[in-house]
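Reviewing the structure listed below.
No hydrogens, no waters, no symmetry mates; every other heavy atom, side chains included, goes into these values. Residue numbers begin at 1 in each chain, while the letters A, B, ... track the order of the sequences. The model shown is predicted, which means the values in this text are computed figures rather than measured ones.
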Amino acid sequence: MGDQCAAARRARGSRKAPSQSSAPEPPRSHSAAAKPPARGGGRAGAGRGDARPPGEHAKAINPRDSPSPTDPKGATPARSRTEKGPAPSEMGSVHNGKGSAPGESNAVPSRKGAVPTRKDSARREKGAVPKTKESPARGPPAVASYCCTGAESSVGVKSGGVGARRLRDVLKTLSLGRQDTSEASENVNQLIRTLVSAIRARESSFSSIDILGTGSYYEHVKISAPNEFDIMFTMPAPRVELEQCDGSGAFYYVRLKRNPQGNDLDKFLQEDGTLAACKMLFALRNIIKEISNHKHTGPDSLHRAGSPAITLRIGNPPMEISVDIILALEVRSQSWPASTQEGLKIEKWLGSKVKQEYKWKPIYLVPKHAKDGRVLKEDTWRLSFSHIEKEMIKNHGNTKTCCESKGVKCCRKSCLKLLKHLLDQLKTKDGNRRGLDKFCSYHAKTAFFQACVLWPDDKQWLFTDLESCFQNFLDYFLDCLNNAYLPHFFIPTHNLFSRQLIDKASSDFLSKEIKYEINNRFPIFELQN
DNA sequence: TTGCGCTAACAATG
DNA sequence: CATTGTTAGCGCAA
């Protein structure tokens, strides 16, 4: 999926010289307790004293724990920016969202929701970095934010400093063009409307499917180009019984509760009474294939084994769009499975009321093979919470007015976009080698939600603190990698970074690459896509 | 089913 | 940098 896109455009350089700037230590600090970190970020350094958080912090800068500062030139400066480099990107990963992981869950570290906290990070990687406040880690005055190069000056640059400015410039290049979006959405909507009406007419079992846009485009966090659309075809299901089929708590066998008069799904039942995911997917795929006949790519490229999606491609290369159709059973009026019990810990962030409302919503089941060791179990279904994820991203503030025209703008979505972009670029650069192909945008999204819980307050995500917030977010992501622990947001026992899913080598490699980017002010962001 | 009102996000303007 | 106009998506009601 994914790919380049037209985009190469934009990007121009022009940014001011690096000057110094520095932000007075970004507040990164929040220990798990979440203190208000951010603030301060760039803006004036005013009393740094106060701004700094308690905890450790210090790392304010870049030298973060990375073992090697990689930074060659000592402190600094100036980086050459290559302004133009090709580089297609896009995380191709939209891949199947969550990975499939069998039961794993390996040890879930005890820190439950808490998450690592930067102390953890500090300590891993040799204790080297001191992190106490005044003594920043490595010698140099580290100061100043990663953005600034050695110079210390802490003078604040207004809004954040050079680093912040660069990040904002990067964000700008990630935004979707209006014209492209307009054309893409029209084509996609047209396609979907056609498909749905044909499917409804052609197969009575599918007569009540409905459309639910999910994924980054509909969450407004799509980056670079409107070239990937995820659309669920939801199908109301009668009451069902779920039988967990592995230890992850994400995969299930589905049985219909007795229903005297039968129902639309009967034809997809197997002898043991379970609902055959494969059969349903197959039926859907056939209809889609007939309808979209030849027009879109060849038939068999439609569906990747094990993936819940049927992928259609429309348009031509410069602006090719991939549309993922995902069949989903909608189960309502049933409480969520036990494995979700400890998940969705959003009380402090969005509030218990909101949580309760979410819990009343249906859950979805998408056809996806569970992998047990090396055995593929077919006809299993995976829980999907795409609708809630979309809702949370849309309504992401601790206060009601977050990001409203009248309210204060936060940088949550920006941070997520930047992380996605970073992963995309790294994958592109390394050609998905060294295991980077195992990472997908769902990891970024999950880490994002966890970070929102870790730092629930809007004040911890002020847009003016973009730079330090992004730093903190990356630190958290690195912690997850290093601890091999990134719990699924709704199913905490499902560890997306378990060693079974992501081997140590892959995770160490990604971790190293990210640290390098951090320490060198994200040279990879200079590449154009 | 259609249309209205609202929001988020672009894009142009100054 | 703030303002304003435009568009897509979405929920709601006629």
For [X] and [N], give me the distance from atom [atom1] to atom [atom2], rounded to whole Å.
| X | N | atom1 | atom2 | answer |
| --- | --- | --- | --- | --- |
| A:E219 | C:dA8 | CD | P | 20 Å |
| A:I192 | C:dG9 | CD1 | P | 11 Å |
| A:R193 | C:dA8 | CZ | P | 12 Å |
| A:I211 | C:dG11 | CD1 | P | 13 Å |
| A:D169 | C:dC1 | CG | P | 11 Å |
| A:N395 | C:dC10 | CG | P | 14 Å |
| A:Q179 | C:dG5 | CD | C1' | 16 Å |
| A:F463 | B:dA9 | CZ | P | 11 Å |

*Indicate yes or no: does A:E526 engage A:R166 in a salt bridge with an N to O separation below 4.0 Å.*
yes
*Compare all side-chain heavy atoms of A:V331 with those of A:P362 and state whether any distance is below 4.5 angstrom.*
no
From [options], pick the nucleotide closest to the side chain of [X]?
| X | options | answer |
| --- | --- | --- |
| A:S175 | C:dG9, B:dA8, B:dA11 | B:dA11 |
| A:E404 | B:dA8, C:dC10, C:dG9 | B:dA8 |
| A:Y217 | B:dA8, C:dA8, C:dC10 | C:dA8 |
| A:Y218 | C:dA8, B:dA8, C:dC10 | C:dC10 |
| A:H220 | B:dA9, C:dG9, C:dT7 | B:dA9 |

*asked:* Base, sugar-phosphate or nothing for A:K406? Non-hydrogen atoms, less than 4.0 Å.
replied: nothing
*Would you mind classifying the nucleic acid contact of A:K413 as base, sugar-phosphate or nothing, using non-hydrogen atoms under 4.0 angstrom?*
sugar-phosphate
*Respond yes when some side-chain nitrogen or oxygen of A:T181 is under 4.0 Å from OP1 or OP2 of B:dC10, and no when none is.*
no
*asked:* With a cut-off of less than 4.0 Å, is there a side-chain N or O of A:N189 near OP1 or OP2 of C:dG9?
replied: yes
*asked:* Looking only at the side chains, is there a donor atom on one of A:Y442 and A:H488 sitting less than 3.5 Å from an acceptor on the other?
replied: yes
*Are the ring centres of A:F522 and A:F470 closer than 6.0 Å?*
yes
*asked:* Among residues at least two apart in sequence or on other chains, which ones pass side chain to side chain donor-acceptor pair (under 3.5 Å) with A:K355?
replied: A:E347
